[in-house]
Structure formats: C-alpha cells, structure tokens
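Here's the structure we're looking at; comments come further down.
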Amino acid sequence: RDYKNNKLAFKNTVYWRVIKSQFSDPAGEIGLGAAQDNDDDTLVLGEKFQARVICSKTLAIKSTAEYRFEIYRPEDYAAADPTGTQSLRQTLTVGVEPELTFGKLSVTPQVRLIHSKYDINDDDPSLAVRGTFVSQRAETKPAGNLAVRWHLREGLTLQGDFGRSVRQPKFSELFGDQGFVLGNPQ
C-alpha cells in the first residue's frame, strides 16, 4: 500500500518466498560417501516499510525498516530418519538516506544497521552424526553507501556508488548441500 502527497510518501511491502534446494546422489559417489536424496526448504516472510519526506528543494530524507523471518527445514529421503530440525533466522534492518540536491548534482549517503538473530540446529539427516550442536546467537552489522548522480541532460545521468554491504549467507551456505557444498555454521 502506498501513500503520496507533495512532501510525504509511504510505501509498505509484504513479501514471501519459498526456496527449494534439491540434491540427489543415489550411489553416494559425489556427496558424503552415502546415498543422499536431499530436499531442503526455506520459507522467507517479510515486511518492508519506507517513508520519504521532502524537507526543502535541496534535501529529501528516506527511511527504511524491514523485518524478515526465515525457516530452514532439511530433509534427506535416503536417510533412516529423513526430517531434520528446522533452523530460524530473524533480521531487522533500519536505515536512513538523506538526498542532497545541488542543481544537476545529487549526493546521497546511506547508513543501515542489520541485526540478525539465529537459532541454528545442525540436525541435518544427511550427516552421519546428527544434532552435534545448537547455536543461538545475534549479530549487528553496519552498512553504508555514498551515491553521486550528475544529471547531464534529459534521459542521461552519470552515477557513481561506493559502499559496504552485508549479505547474509543462505542456509545452504551455512549447512552445505552435503554434495558439492560443505557448510560452515560457525
């Protein structure tokens, strides 16, 4: 749902995504040395809220808050007990982005804080020893960006960006698919 007037704009987005990761090694030739038929699912639910305020001809401020909840569930249909324990991740991102405009030149610094809480269970049914650890941890990481845009003429803009971003690992990167990718949940 969006709201807009001359000086103020709001945008709220609710989203979901299902990620299915499959790996099959019926003869145990490429994976862990045993037959595998992995079918891992990740469900992502989230909401992102953005607000933009035009303060003057030279200053507009955009703020963002986003919450994302992820559930990971591993399965190996070739294992004696095919279903592993689910792992969870919750992420809250907040940021502010002032845009300064000077004629045809605009400068936009952006600052974000990304806070993540993990509840990870290493109970993958593909592993020989299951449930070796449970990790509950939280981390906060800063990120930022500086963008400079020069509007040369109608339809032509030169833009440069410099920044630091944070990309959280996918669950398959944390746990691996036990075939080609061996995970590192630490």
Side-chain angles (χ1 to χ4, degrees), residues 1-21 40-73 86-121 134-177 181 183-186:
R1 175 174 279 204
D2 295 350
Y3 168 79
K4 225 179 213 188
N5 73 21
N6 291 342
K7 301 251 181 205
L8 186 62
F10 296 109
K11 181 176 183 177
N12 193 54
T13 307
V14 177
Y15 58 91
W16 62 276
R17 180 173 58 230
V18 175
I19 303 165
K20 185 172 266 313
S21 174
D40 303 336
D41 297 318
T42 304
L43 173 65
V44 180
L45 305 168
E47 184 169 11
K48 185 175 186 178
F49 176 78
Q50 296 174 306
R52 186 170 191 263
V53 179
I54 298 173
C55 302
S56 67
K57 286 183 176 183
T58 60
L59 177 64
I61 299 175
K62 184 169 109 177
S63 61
T64 302
E66 180 178 9
Y67 174 75
R68 187 173 62 239
F69 179 76
E70 299 169 89
I71 301 171
Y72 172 75
R73 187 176 50 94
Q86 67 186 17
S87 293
L88 309 172
R89 176 170 48 205
Q90 299 178 67
T91 305
L92 177 64
T93 303
V94 293
V96 65
E97 184 177 326
E99 182 178 357
L100 303 161
T101 305
F102 309 100
K104 294 184 174 193
L105 183 70
S106 67
V107 178
T108 309
Q110 180 189 61
V111 178
R112 290 184 317 278
L113 279 177
I114 300 125
H115 178 76
S116 299
K117 181 178 177 250
Y118 294 84
D119 185 4
I120 297 174
N121 297 292
V134 173
S135 175
Q136 294 178 329
R137 65 184 175 94
E139 64 184 12
T140 302
K141 301 223 176 188
N145 190 45
L146 178 65
V148 178
R149 290 177 200 85
W150 183 18
H151 304 283
L152 299 170
R153 63 174 192 213
E154 184 67 32
L156 183 60
T157 301
L158 181 63
Q159 177 175 327
D161 290 274
F162 176 79
R164 177 187 189 279
S165 62
V166 175
R167 185 188 71 79
Q168 295 179 320
K170 295 183 258 181
F171 280 105
S172 64
E173 292 170 334
L174 288 173
F175 298 108
D177 62 10
V181 179
N184 182 8
Q186 307 296 336

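Heavy-atom basis, side chains included; hydrogens, waters and symmetry copies ignored. Treat the numbers as computed from the prediction; the structure is a model and nothing was measured.
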Enter the distance from K104:NZ to W150:CH2 here, rounded to the nearest 0.5 Å. 8.5 Å
Using a 3.5 Å distance criterion without hydrogens, assess whether the side chain of R164 forms a donor-acceptor pair with backbone atoms of P142. yes
Closest non-hydrogen contact found for I120 with S87 is CA-OG, 3.6 Å
Would you name the heavy atoms of N145 and F162 that are closest together and state the gap between them? OD1-O, 2.9 Å
Holding to side chain to side chain donor-acceptor pair (under 3.5 Å), I want the full list of residues that pass it with S165, two or more places apart in sequence or in another chain. none
How many angstroms lie between CG in L92 and OH in Y67, if you round to the nearest 0.5 Å? 9.0 Å
What pairs with K20 under salt bridge (charged side-chain N to carboxylate O under 4.0 Å, His left out), at least two apart in sequence or on another chain? D39, D41
Working note: L146 + Q110, criterion side-chain contact (heavy atoms from CB on, under 4.5 Å); need CA distance, chi angles, decisive distance, verdict. CA-CA 6 Å; L146 178 65; Q110 180 189 61; over 6 Å; no
Atom pair OG1 (T93) and CZ (R68), whose distance is rounded to the nearest 0.5 Å: 6.0 Å
Please examine the side chains of L88 and F69, heavy atoms only from C-beta on, and report whether any two atoms are closer than 4.5 Å. yes
Distance, nearest 0.5 Å, that separates OG1 of T157 from NE2 of H151: 5.0 Å
Those residues at least two apart in sequence (or on a different chain) that pass side chain to side chain donor-acceptor pair (under 3.5 Å) with S116 are T91, Q168
Let's go through K62 and Q50 carefully: what are the C-alpha distance in whole Å and the side-chain angles of both, what is the deciding distance for side-chain contact (heavy atoms from CB on, under 4.5 Å) to 0.1 Å, and is it a yes or a no? CA-CA 7 Å; K62 184 169 109 177; Q50 296 174 306; 3.9 Å; yes
Is it the case that R137 places NZ or CZ above or below the six-membered ring of Y118, under 6.0 angstrom from the centre and within 45 degrees of the axis? yes
Holding to salt bridge (charged side-chain N to carboxylate O under 4.0 Å, His left out), I want the full list of residues that pass it with R17, two or more places apart in sequence or in another chain. none
Can you tell me how far the CD1 atom of I71 sits from the CD atom of Q86, to the nearest 0.5 Å? 5.5 Å
Intermediate values then yes/no, side-chain contact (heavy atoms from CB on, under 4.5 Å), E97 and T108: CA-CA 7 Å; E97 184 177 326; T108 309; 3.3 Å; yes
E66: what forms a side chain to side chain donor-acceptor pair (under 3.5 Å) with it, not counting sequence neighbours? Y15
A side-chain contact here means heavy atoms from C-beta on lying under 4.5 Å apart; do R52 and L8 qualify? no
Is there a side-chain contact between L100 and L59 in this structure, where contact means two heavy atoms from C-beta onward sitting under 4.5 Å apart? yes
Side chains of K48 and N12: does their closest heavy-atom pair fall under 4.5 Å? no
With side chains defined as the heavy atoms from C-beta onward, is the minimum distance between E70 and L43 less than 4.5 Å? no
On a heavy-atom basis, the closest approach of T101 and K57 is CB-O, 4.2 Å
Closest approach of Y72 and D40, non-hydrogen atoms and distance? OH-OD2, 3.1 Å
V96 versus I61: any side-chain heavy-atom pair under 4.5 Å? yes
Side-chain heavy atoms of P109 within contact of V111, under 4.5 Å: no
What's the shortest heavy-atom distance between A143 and V166, and which atoms? CB-CG2, 4.2 Å
Only counting residues at least two apart or in another chain, list the ones meeting side chain to side chain donor-acceptor pair (under 3.5 Å) with Q159. R149, D161
Check whether any side-chain heavy atom of E139 sits under 4.5 Å from a side-chain heavy atom of H115, and report yes or no. no
